[in-house]
Amino acid sequence: MKRNILIIPGDGIGQEVTTWGKQVLESIAQKYNHEFVFDEAIMGHTAIEATGDPLPQETLEKAKASDAILFGAIGHAKYDNDPSAKVRPEQGLLKIRKELGLYANLRPILLFDELLDASSLKPEVLRGTDILFFRELTGDVYFGEKKRNEDNTFASDLMNYHRYEVERIARKAYEAARTRSKKLCSVDKANVLETSRLWREVVQEIAAEYPDVETEHMFIDNAAMQLVKNPKKFDVVLTANLFGDILTDEASQIAGSMGMLASASIGDGTGFFEPIHGSAHDIAGQNKANPLASILSVALMLDIAFGLQDEAKAVTSAVADTLKAGWRTGDIANSSTPQDKILGTNEMGQKVLEFIK
């Protein structure tokens, strides 16, 4: 198999973790006799510094021409502390999602038994958790009209959804539920928000097409509580952009760290694969970042974008074997982890490569 893969390291630790995502792809290509052709592009703060644009046209053209994209992270503290900034790194991420039609964000909460103690939740609460989030990605308040009055005393963000946006991601979520335990929970705020009432109406209509799937509707505040109280009750979770953003970050505590969670943003064309963590500039360039989420994002790419299930399993198995051998990065270590088992970014990536080979 020959595939063209675009690497967009982005900002901060994104540049470190994608290095290991790429090396894993190279190792898989060699082991299974595939040809992966790589290109690289800039986006986010790095792109603003170089071109003034968080998503340069050259990057967008490369993205559209690729078979899949491995992305690192985006953001910089200078923008977090300057709400008045007109050009921001996150604008590049929102734009590329729109341009590529990436309307469905899949975030599997993959729990490794070896990391049960890395979470702040009790092991008996966590054990057996297996959740797949479907977060709608191109609608909601992130893309609505934004206003602020001239004397800076009022601001608003328009939350909106079209019926077709809910229909298409709901169908993807139901199709996935059919391959799992045939349970789907749709999360909204239909008791308050009109957009959520439309969301629930549409999901109820789509549910009728999948009578073999058990459907539950849950308000976002209850879902946030249940996620930490009893995460095993969830299987496939379907939700809107804003709610999904918050819930999946909360769910990182189930896996022990954001450094363990991969995601896939898909539509009807090129897929976009990335760890859910941010740019973490406070540890950037210090060989402290956990590369496993980026490596697990490669597994999603191999499976979802290329249909290479055996190769994807080889990657996840290598990560599992690395953890079983006791190796940890600082974010997933605990007080009982021997110091000689705590590795930096590069050393952890090398261990995974050794298990793949």
Other hydrophobic cluster members with I13, side-chain heavy atoms of Ile/Leu/Val/Met/Phe/Trp/Tyr under 4.5 Å, chained?
I283

How far apart are the closest heavy atoms of L296 and M260, and which atoms are they?
CD1-O, 3.4 Å

I would like to know whether N160 and E145 meet side chain to side chain donor-acceptor pair (under 3.5 Å); could you show each step before the answer?
CA-CA 9 Å; N160 54 44; E145 183 182 5; over 6 Å; no

Check the pair K182, D212 against side chain to side chain contact (heavy atoms under 4.5 Å, CB included), reporting the backbone distance first and the verdict last.
CA-CA 7 Å; K182 294 183 168 59; D212 54 323; 3.8 Å; yes

With respect to V24, which candidate in I356, L70, T19 satisfies the side-chain contact (heavy atoms from CB on, under 4.5 Å) definition?
I356

Looking at residues at least two apart in the chain, or sitting in another chain, which of them share a side chain to side chain contact (heavy atoms under 4.5 Å, CB included) with N33?
none

Would you check if the side chain of D67 reaches a backbone N or O of I5 as a donor-acceptor pair within less than 3.5 Å?
no

Reference residue L343; test side-chain contact (heavy atoms from CB on, under 4.5 Å); the match among K351, K288, Q350:
K351

Check this for me, if you would: do D130 and R180 make a salt bridge, where the nitrogen-to-carboxylate-oxygen distance has to be below 4.0 angstrom?
yes

Side chains of S27 and K357: closer than 4.5 Å at any heavy-atom pair?
yes

Indicate the atoms forming the closest heavy-atom contact of A293 with M258, along with that distance.
CB-O, 4.0 Å

Rounded to the nearest 0.5 Å, the CG atom of N4 sits from the CG atom of D39 at a distance of 8.5 Å

Residues passing the salt bridge (charged side-chain N to carboxylate O under 4.0 Å, His left out) test with K95, sequence neighbours excluded, are none

Just wondering, do H34 and R3 contact through their side chains at under 4.5 Å, heavy atoms?
no

Could you work out the complete set of other residues in the hydrophobic cluster of I342, with links drawn between I, L, V, M, F, W and Y side chains under 4.5 Å apart?
none

Pick from E209, E205, E165: which one makes a salt bridge (Lys or Arg N to Asp or Glu O under 4.0 Å) with R171?
E209

Identify whether NZ of Lys or CZ of Arg in K189 sits under 6.0 Å from the centre of the six-membered ring of F243 and within 45° of that ring's axis.
no

Quick check: are there more than 12 heavy atoms from other residues, nucleotides or ligands sitting under 6.0 Å from NZ of K229?
no

Side chains of L353 and W20: closer than 4.5 Å at any heavy-atom pair?
yes

State plainly whether the residues D249 and R107 are in salt-bridge range, i.e. N to O under 4.0 Å.
yes

Does one hydrophobic cluster hold both I246 and F133, with members joined at side-chain heavy-atom distances below 4.5 Å?
yes

I need the minimum non-hydrogen distance between G259 and D331, along with the two atoms involved.
CA-OD2, 4.0 Å

Give the intermediate values and the outcome of side chain to side chain contact (heavy atoms under 4.5 Å, CB included) for residues I96 and M43.
CA-CA 10 Å; I96 200 169; M43 192 167 85; 4.1 Å; yes

Can you tell me which residue pairs pass the ring-ring contact (aromatic ring centres under 6.0 Å, His included) test with a partner in residues 205-237, sequence neighbours excluded?
Y174-Y210

Let me check something: any side-chain donor-acceptor pairs from residues 134-144 under 3.5 Å, sequence neighbours excluded? List them with distances.
| from | atom 1 | to | atom 2 | distance (Å) |
| --- | --- | --- | --- | --- |
| R135 | NE | N241 | O | 3.1 |
| R135 | NE | N241 | OD1 | 2.9 |
| R135 | NH2 | N241 | OD1 | 2.8 |
| E136 | OE1 | T138 | N | 3.2 |
| E136 | OE1 | G139 | N | 2.9 |
| E136 | OE1 | Y161 | OH | 2.7 |
| E136 | OE2 | T138 | N | 3.0 |
| E136 | OE2 | T138 | OG1 | 3.1 |
| E136 | OE2 | G139 | N | 3.4 |
| T138 | OG1 | R168 | NH2 | 3.1 |
| D140 | OD2 | N241 | N | 3.3 |
| D140 | OD2 | L242 | N | 2.9 |
| Y142 | OH | D245 | OD2 | 2.6 |

Between I74 and H45, does a side chain to side chain contact (heavy atoms under 4.5 Å, CB included) hold up when you go through it step by step?
CA-CA 7 Å; I74 204 165; H45 169 69; over 6 Å; no

Carboxylate-amine/guanidinium contact E194 R197, below 4.0 Å
yes

Taking ILVMFWY side chains as joined if any heavy atoms are under 4.5 angstrom apart, and letting links pass through other members, which residues group with V87?
I48, Y79

Report the C-alpha separation of K64 and E99 in whole Å, then their side-chain angles, then the decisive distance to 0.1 Å, and conclude whether the side chain to side chain contact (heavy atoms under 4.5 Å, CB included) test is met.
CA-CA 9 Å; K64 290 180 176 180; E99 291 286 340; 3.3 Å; yes

Closest approach of Q91 to K86 (non-hydrogen atoms, all atoms of both residues):
NE2-O, 2.8 Å

Please list every donor-acceptor pair under 3.5 Å in which a side-chain atom of residues 301-310 meets a protein atom from a residue at least two apart or in another chain.
| from | atom 1 | to | atom 2 | distance (Å) |
| --- | --- | --- | --- | --- |
| D303 | OD1 | Q309 | NE2 | 3.3 |

CG on L193 to CD1 on I220, rounded to 0.5 Å
10.5 Å

Donor-acceptor pair, D11 side chain versus H76 backbone, under 3.5 Å?
no

Do any side-chain atoms of residues 265-272 form donor-acceptor pairs under 3.5 angstrom with protein atoms, and if so which ones, sequence neighbours left out?
| from | atom 1 | to | atom 2 | distance (Å) |
| --- | --- | --- | --- | --- |
| S265 | OG | N105 | ND2 | 3.0 |
| D268 | OD1 | Y103 | OH | 3.4 |
| T270 | OG1 | S66 | O | 2.9 |

Indicate yes or no: at least one non-hydrogen side-chain atom of L300 is less than 4.5 angstrom from one of L106.
no

Using every non-hydrogen atom in the two residues, find where V298 and G21 come nearest and quote the distance to one decimal.
CG2-O, 3.4 Å

Please tell me if the side chains of V236 and C185 come closer than 4.5 Å, counting only heavy atoms from C-beta onward.
no

Within-4.5 Å side-chain heavy-atom neighbours: L126 and L111
yes

So which heavy atom on N290 is nearest to which on V17, and how close?
O-CG1, 3.7 Å

Would a 4.5 Å heavy-atom cut-off, applied to side chains only, mark H277 and L261 as touching?
no

CD1 on I332 to OG on S257, rounded to 0.5 Å
7.0 Å

Any L184 side-chain heavy atom under 4.5 Å of E216 side chain:
no

Please tabulate, for side-chain N and O atoms in residues 53-60, each donor-acceptor pair with protein atoms closer than 3.5 Å (sequence neighbours left out).
| from | atom 1 | to | atom 2 | distance (Å) |
| --- | --- | --- | --- | --- |
| D53 | OD1 | L55 | N | 2.9 |
| T59 | OG1 | I42 | O | 2.7 |

Within the distance-only criterion (no hydrogens, no angle test), does the side chain of S297 pair as donor or acceptor with the backbone N or O of E274 below 3.5 angstrom?
yes

Identify each donor-acceptor pair in which a side-chain atom of residues 315-324 lies under 3.5 Å from a protein atom, sequence neighbours left out, and give them as a table.
| from | atom 1 | to | atom 2 | distance (Å) |
| --- | --- | --- | --- | --- |
| T316 | OG1 | A312 | O | 3.4 |
| T316 | OG1 | K313 | O | 3.1 |
| S317 | OG | K313 | O | 2.8 |
| T322 | OG1 | A318 | O | 2.7 |

Quick test of your reading of the model: are E26 and K31 salt-bridged, counting only N-O distances below 4.0 Å?
no

Got a sec, which residues hit ring-ring contact (aromatic ring centres under 6.0 Å, His included) with F112, two or more places apart in sequence or on another chain?
none

